[in-house]
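Quick notes on the structure that follows.
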Amino acid sequence: MFGFGVVMALLGAILPLYVNRPPFDLSKAGDLFFWMNAAMLVTTLVLGPLLDHYGIRPVMILAPLAVAAAIGAIAFVQRASGLTAAVMLLGAGGGALNQATNTLIADLHENPRQKNAALNVLGVFFGFGALFVPFAMGSLLSTLGVRNILLSAAGIILIPTLLSAWLRFPPPRQAGAAGARSTLTFLRRPLVLAFAFLLFFESGNEFTLGGYLSSYLTRELGASLSVASYALAGYWGAIMLARVALGRVLLEARGEVLIRISALGVAACLILLSLIHSPRLAVLLAFLLGSSIAAIFPTVLGLAGTYYAGHAGTVFGLLIGTALTGGMLMPWLAGRIAAAHNIRLVWWIPAGGAVAIFVLELVTEHFAKRTET
């Protein structure tokens, strides 16, 4: 999950180094998010049933290798076509890591509240990974350089491959061959669709925030790259700290209520971010955004894993696949709007997404009650 955090934060951390190099611009930055998430989407949809039927160990060995190779390629690539190919490999490996780690933790916990809490604790390590690159860029860029920072991240991500080669994993949940029929069965269930659309907006929000925050500070508010990197680090760090606290809170609190409160907090912070002109206030809002958004994704997965415990890999594949569609389309749209108009307008896209999350959570509660009865 540390590796997936690096994947999620990487483009946002390095984009300020590229956007001022012709012919690279903000619209092409949106293209990179599109292709990375497209690779994640395909990988996630294919992996879901395979994890349920054949187990998690092979993916936990191979996925870190793909992510490390992609980051190494990004460190050395010079041409736009090479960067696109490396970003697609990054997305494929990152999608596999996200799918396998969440499915593993969901399988290990039967109690619903323990499952929610454990998935949020898992998200703490996502925060460590997402914090690593922007923090290193802000503090070590002048001494180590971009290439050495990226290669260091790649080396750390290889550790899970070594661990997974000898750790004992739980047996597969479903025996027999995996096929598309089981996936289509769950696609017809209203509760699964409601969870999926909720995560469409949540993932779109996370990718848009992580991808454009540093560029917004440097291009619109006049902040230095170091300040922008620290703001991005503050955003991911807040996610990490919030999930540490949520590991305890969710043992007592209802996940559904927490999702609604979080969505309203995200919407309020984004509206303020679109109106301000102070880099210092933007750094504060970045921290508040991270604190607000932290609970939504893992808590939704925890709720879905409770209702479909025997098919967590397949259902998570559908949910994360739909989420990645949002992560692909919303930053792409944001890049087009920023290039054609103003990067300040970008924040109204995830603000609308946060309102949609609030509404969709109420829809999931409705269908969940029908599922229980």
Side-chain angles (χ1 to χ4, degrees), residues 1-15 18 24 27-48 50-51 58-77 79-103 123 126 129-130 132-134 150 153-154 156-158 160-161 196 199-200 202-212 232 236 297 301 313 316-335:
M1 189 53 78
F2 176 95
F4 183 61
V6 171
V7 171
M8 281 286 286
L10 188 68
L11 282 184
I14 66 172
L15 277 182
Y18 285 90
F24 199 93
S27 65
K28 289 183 174 57
D31 292 342
L32 289 178
F33 284 106
F34 179 91
W35 288 115
M36 183 175 77
N37 283 281
M40 279 192 189
L41 173 61
V42 172
T43 303
T44 299
L45 292 176
V46 170
L47 272 182
L50 297 177
L51 291 173
V59 177
M60 292 290 285
I61 292 174
L62 296 175
L65 292 174
V67 172
I71 294 175
I74 290 170
F76 289 96
V77 73
R79 296 185 178 180
S81 58
L83 183 61
T84 300
V87 161
M88 290 182 71
L89 178 61
L90 183 74
L97 283 177
N98 187 33
Q99 176 79 345
T101 50
N102 278 294
T103 301
F126 169 88
F132 177 84
V133 174
L150 293 179
I156 295 172
I157 290 168
L158 288 174
T161 292
L199 290 183
F200 173 95
E202 170 60 18
S203 184
N205 281 3
E206 290 185 7
F207 272 94
T208 303
L209 283 167
Y212 292 98
L232 189 59
W236 293 115
F297 202 103
L301 288 183
F316 280 14
L318 289 171
L319 298 187
I320 296 173
T322 307
L324 290 171
T325 305
M328 181 170 55
L329 295 178
M330 289 176 66
W332 176 85
L333 177 62

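Atoms considered below: every heavy atom in the structure, side chains included; atoms not considered: hydrogens, waters and symmetry mates.
- In summary, of the residues considered (Leu97, Leu51, Leu301), a side-chain contact (heavy atoms from CB on, under 4.5 Å) with Asn102 occurs for Leu301 alone.
- Scanning both residues, Pro331 and Tyr212, for their nearest heavy atoms gives O-OH, 2.8 Å.
- With a 4.5 Å cut-off on side-chain heavy atoms, Asn37 and Trp332 do not count as touching.
- Taking the side chain as every heavy atom from C-beta outward, Thr44 and Asn98 never approach each other to under 4.5 Å.
- When every heavy atom of Ala100 is checked against every heavy atom of Val59, the shortest pair comes out as CB-CG1, 3.8 Å.
- Side-chain atoms of Phe200 and Leu324, non-hydrogen and from C-beta on, never get closer than 4.5 Å to each other.
- Ala39 and Ala92 make their closest contact through CB-N, 3.8 Å (heavy atoms, listed as atom of the first residue, atom of the second, distance).
- Taking the six-membered ring where the residue is Trp, Trp236 and Phe126 present perpendicular rings, their angle passing 60° and hence far from 30°.
- The side-chain heavy atoms of Leu150 and Ile74, taken from C-beta on, include a pair separated by under 4.5 Å.
- Heavy-atom minimum distance, Phe4 versus Gly94: CD1-O, 3.1 Å.
- Nearest heavy-atom pair, Phe207 versus Met36, reported as atom, atom and distance to 0.1 Å: CE2-CE, 3.4 Å.
- Within the 4.5 Å cutoff, the side chain of Met60 has heavy atoms near those of the Thr101 side chain.
- Atom CE of Met330 and atom CZ of Phe34 lie 15.0 Å apart (nearest 0.5 Å).
- In this structure, Leu41 and Met328 have side chains that are in contact, with non-hydrogen atoms separated by less than 4.5 Å.
- Qualifying ring pair (Phe, Tyr, Trp, His ring centres under 6.0 Å) partners for Phe297, counting only residues two or more places apart in sequence or in other chains: none.
- When all heavy atoms are compared, the tightest approach of Ala96 to Ala63 is CB-CB, 3.7 Å.
- Interatomic distance, CG of Leu329 versus OG of Ser203, reported as 10.5 Å (0.5 Å rounding).
- To the nearest 0.5 Å, the span separating CG on Leu199 from CG on Leu318 amounts to 11.5 Å.
- The line from CD of Gln99 to CG of Leu319 is 9.0 Å long, rounded to the nearest 0.5 Å.
- Going from atom CG of Leu209 over to atom CE of Met8 covers 9.5 Å, rounded to the nearest 0.5 Å.
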